[in-house]
2 protein chains.
Amino acid sequence: MWLDRNGRPESDYACRVPKPTIQDVARAAGVHPGTASRALNPELAGRITPETTRRVKEAATRLGYVPDQLGRNLRTRRSHTIGVLIPDLGNPVFPPIVRGIEDGLRDAGYEALIANTDDSPEREDHLIKVLTARHCDGFIIASSRRDDPAVAALVESKVPVVLVNRLMDTATASVVSDDATGMRAAVDHLIGLGHAAIAHVTGPATLSMTQVRRAAFEEVMAAAGLAAYPDLIERADRYAVDEGARAFGRLLDRHIPTAVIAGNDMIAIGCYSALRERGLRCPEDVSVVGFNDMPLSGFLDPALTTVAIPQNDIGAAAAQLILGMINDGRPAHRLLPVALVVRGSTGPPPNR
Amino acid sequence: MWLDRNGRPESDYACRVPKPTIQDVARAAGVHPGTASRALNPELAGRITPETTRRVKEAATRLGYVPDQLGRNLRTRRSHTIGVLIPDLGNPVFPPIVRGIEDGLRDAGYEALIANTDDSPEREDHLIKVLTARHCDGFIIASSRRDDPAVAALVESKVPVVLVNRLMDTATASVVSDDATGMRAAVDHLIGLGHAAIAHVTGPATLSMTQVRRAAFEEVMAAAGLAAYPDLIERADRYAVDEGARAFGRLLDRHIPTAVIAGNDMIAIGCYSALRERGLRCPEDVSVVGFNDMPLSGFLDPALTTVAIPQNDIGAAAAQLILGMINDGRPAHRLLPVALVVRGSTGPPPNR
DNA sequence: TTGTATGCGTTATCAG
DNA sequence: CTGATAACGCATACAA
């Protein structure tokens, strides 16, 4: 578990450039290290003579002083590091979110430690332990199930946590896309094209995202008087292409709808596959709508009509929220707008 | 530059779970902290009484002791952290590589600090500074230009560096895919289909990857006696869809080849766009071959024939190499095999 | 084999 | 406003 921590006795590879410490700066400026530290701390501006501050800053610049994060971390008990838990970087929807998070954090002097959970509770548990040992100042979690003891424990022990596109019963900060509105737009779009038998392939039931999207689907369908089409919902065990294909295949074997709304874009691709396997064409026979508008959605065959979530903004907002919690402790919630992007995978229903 | 480092005076959010330190473990085991430290260090096995070791380990387990990385980092002058510089996580080829890196590092108790350079030298410079302040034990760099002072300086000062799919004049470790062989397979495939006028849309000339792929293209073409088709090479300014479309558009305006090999899959998508804009069909009018086999390549319209590089393996190898350098200082090089994946974007040339 | 003491670089506390 | 001192948690050189 702890692995080796030995130095590099025979290794020639170690930074040989002696970096100046605050002691060097203090000596050069003719002040005490403590004073130098204060002079360099913007928070303490005004509590130090302008002249002293100037001398210290000048010395720091001249020596090329950069504060050693390791020493600072130990002393302040903060690592300026945020643990970021996502299901899988391989799902194209996450990289843009992660990018938003990283940029937002780095601008504030924080770094992200990114880890993939593969939606495995054990892996998530383990990763939280590992990242906690590194004293992450907070966590951004895009992988939690609705009922997640590990995350709940984190929140319980007052560690700042921001949930991304996943809600839990626990009260903590969150940033989610307005999926309900997005689902309404998707259904309205299909109804507008003349569809009535609209199917929905959801993701795993354990994720709140699945619930939100499914509940919205059922509600909008009922409101449109289309509740007469039951049995048009099927669940994929993962938000992945193969599981999406399998799930939609099961649905198709029961009944062939004229349209399907997929739980996300990966499942939508799975729907493409299932249709192709059965010799059905999209959109001529069956229209497909995705969710997320992940990168390359527009270049698929056919180009995917999908509900676009603001991936970069979601990441940026998550970064902002976690920093807010670290600084003033107030958890907040953000609901970000979505937009239906109409492309080639949707069209009028076939004349049967 | 240094930002705030104040605590959270009014914040309620801070870990309230007092974590046991090695002192607690030592006390519980009835030994001195130094002894406890040694007992927990696998390197020193044998230099400690089995009985003592047992007692310490038992106490550690019982108390749920996890070594505080911050303290360890400061003392050992190592952060167990690797800086990972990539051009852009938004390019789908990188997430799988990053995934491979992360998993490889984490298994060895290391974490990755990932940063996007957007292929900007200034940004890269800045990031190296930021990550150096965090005492990264090494760098995995997938973003360096052929001539890169910042990276050269890093290598010069004996910081372990592994280059990924980018070579520099500097001698340091690297892991690259066997692009030359891949290019040969691509050209052979096209020639086998009957193509002769084969174009190549390269990436930016500053990257070694571009050079390698282009040189291989020219060599293979010449060897096949097809050097008679000059002017069939065009350069995209970035490895991105829009630049790929622009570049191939310029080429098409000069001359319409029967096939094109793109510098990477993003450029290949750009080629699709350029063809479509001009009313040309793929593969009926022009065959397209990509490079990388990034995720979703098989679901594009049409499914992309491309040279697959082992993305996960590349990441894993990079992790392995950097850990090797940290431990015994020997830089090594790895050349990983590629494979042509034939899909729908290539076919016989049109009868003109 | 184990205990002791020290220091990694920084900043918080307390005195002056 | 500034100097002196201690401490964050750990690992290691040295002493026993």
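Chain A is the first sequence line, chain B the second, and so forth, proteins listed ahead of strands; every chain is numbered from 1.
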What is the distance, rounded to the nearest whole Å, between atom [atom1] of [X] and atom [atom2] of [N]?
{"X": "B:Leu44", "N": "D:dC14", "atom1": "CG", "atom2": "P", "answer": "15 Å"}
{"X": "A:His80", "N": "C:dG9", "atom1": "NE2", "atom2": "C1'", "answer": "14 Å"}
{"X": "A:Arg47", "N": "C:dA12", "atom1": "CZ", "atom2": "C1'", "answer": "11 Å"}
{"X": "B:Arg77", "N": "D:dC10", "atom1": "CZ", "atom2": "P", "answer": "17 Å"}
{"X": "A:Arg78", "N": "D:dG9", "atom1": "CZ", "atom2": "P", "answer": "16 Å"}
{"X": "A:Asp137", "N": "D:dC8", "atom1": "CG", "atom2": "C1'", "answer": "15 Å"}
{"X": "A:Arg54", "N": "D:dC1", "atom1": "CZ", "atom2": "P", "answer": "17 Å"}
{"X": "B:Ile22", "N": "C:dG3", "atom1": "CD1", "atom2": "C1'", "answer": "14 Å"}

Would you please name every residue forming a side-chain contact (heavy atoms from CB on, under 4.5 Å) with A:Leu74, sequence neighbours left out?
A:Arg77, B:Leu70, B:Leu74

Is it true that B:Arg99 and A:Asp88 have a side-chain N and a carboxylate O under 4.0 angstrom from each other?
yes

Between A:Glu51 and A:Arg54, does any side-chain N to carboxylate O distance fall below 4.0 Å?
yes

Give a yes or no answer on whether the side chain of B:Lys129 reaches the backbone of A:Val66 with a donor-acceptor pair at less than 3.5 Å.
no

Please check: side-chain N/O of B:Ser37 versus main-chain N/O of B:Pro33, any donor-acceptor pairing under 3.5 Å?
no

Checking A:Asp313 now: which residues fulfil salt bridge (charged side-chain N to carboxylate O under 4.0 Å, His left out) with it, not counting sequence neighbours?
none

Excluding sequence neighbours, so at least two apart, what forms salt bridge (charged side-chain N to carboxylate O under 4.0 Å, His left out) with B:Arg123?
A:Asp103, B:Asp118

Could you check which residues of residues 23-32 of chain A get a heavy atom under 4.0 Å from DNA chain D? Sort them by number, please.
A:Val31, A:His32

Taking only N and O in the side chain of B:Tyr65, is any of them less than 4.0 Å away from OP1 or OP2 of D:dC10?
yes

Kindly say if B:Thr35 contacts the phosphate of C:dT2, meaning a side-chain N or O under 4.0 Å from OP1 or OP2.
no

On DNA chain C, does the nearest nucleotide to B:Thr52 precede the nearest nucleotide to B:Leu74 from the 5' side, or the other way round? Give the residue.
B:Thr52

Pairwise 5' ranking along DNA chain C for B:Thr49 and B:His135, keeping only the more 5' one
B:Thr49

Indicate whether the side chain of B:His135 and that of A:Asp68 have a donor and an acceptor atom separated by less than 3.5 Å.
yes

Atom of [X], atom of [Y] and distance for their closest heavy-atom approach:
{"X": "B:Ala150", "Y": "B:Asp125", "answer": "CB-OD1, 3.1 Å"}
{"X": "A:Arg55", "Y": "A:Val31", "answer": "NH2-CG1, 3.5 Å"}
{"X": "B:Gly83", "Y": "B:Leu131", "answer": "CA-CD1, 4.0 Å"}

Helix axis bend for the helix from C:dT1-D:dA16 to C:dG16-D:dC1 - C1'-based end axes, five pairs, 10° rounding:
40°

Applying side-chain hydrogen bond (donor to acceptor under 3.5 Å, both in side chains) to B:Gln23 and B:Thr21, what does each step give before you reach the verdict?
CA-CA 5 Å; B:Gln23 313 227 23; B:Thr21 73; 5.2 Å; no

Taking the side chain of A:Arg72 as heavy atoms from C-beta outward, which of D:dT2, D:dC10, C:dT11 is closest to it?
C:dT11

What are the atom names and distances for every N/O pair under 3.5 Å that joins the protein to nucleotides 13-16 of chain C?
residue : atom : partner : partner atom : Å
C:dT13  : O4   : A:Arg38 : NH1          : 3.0

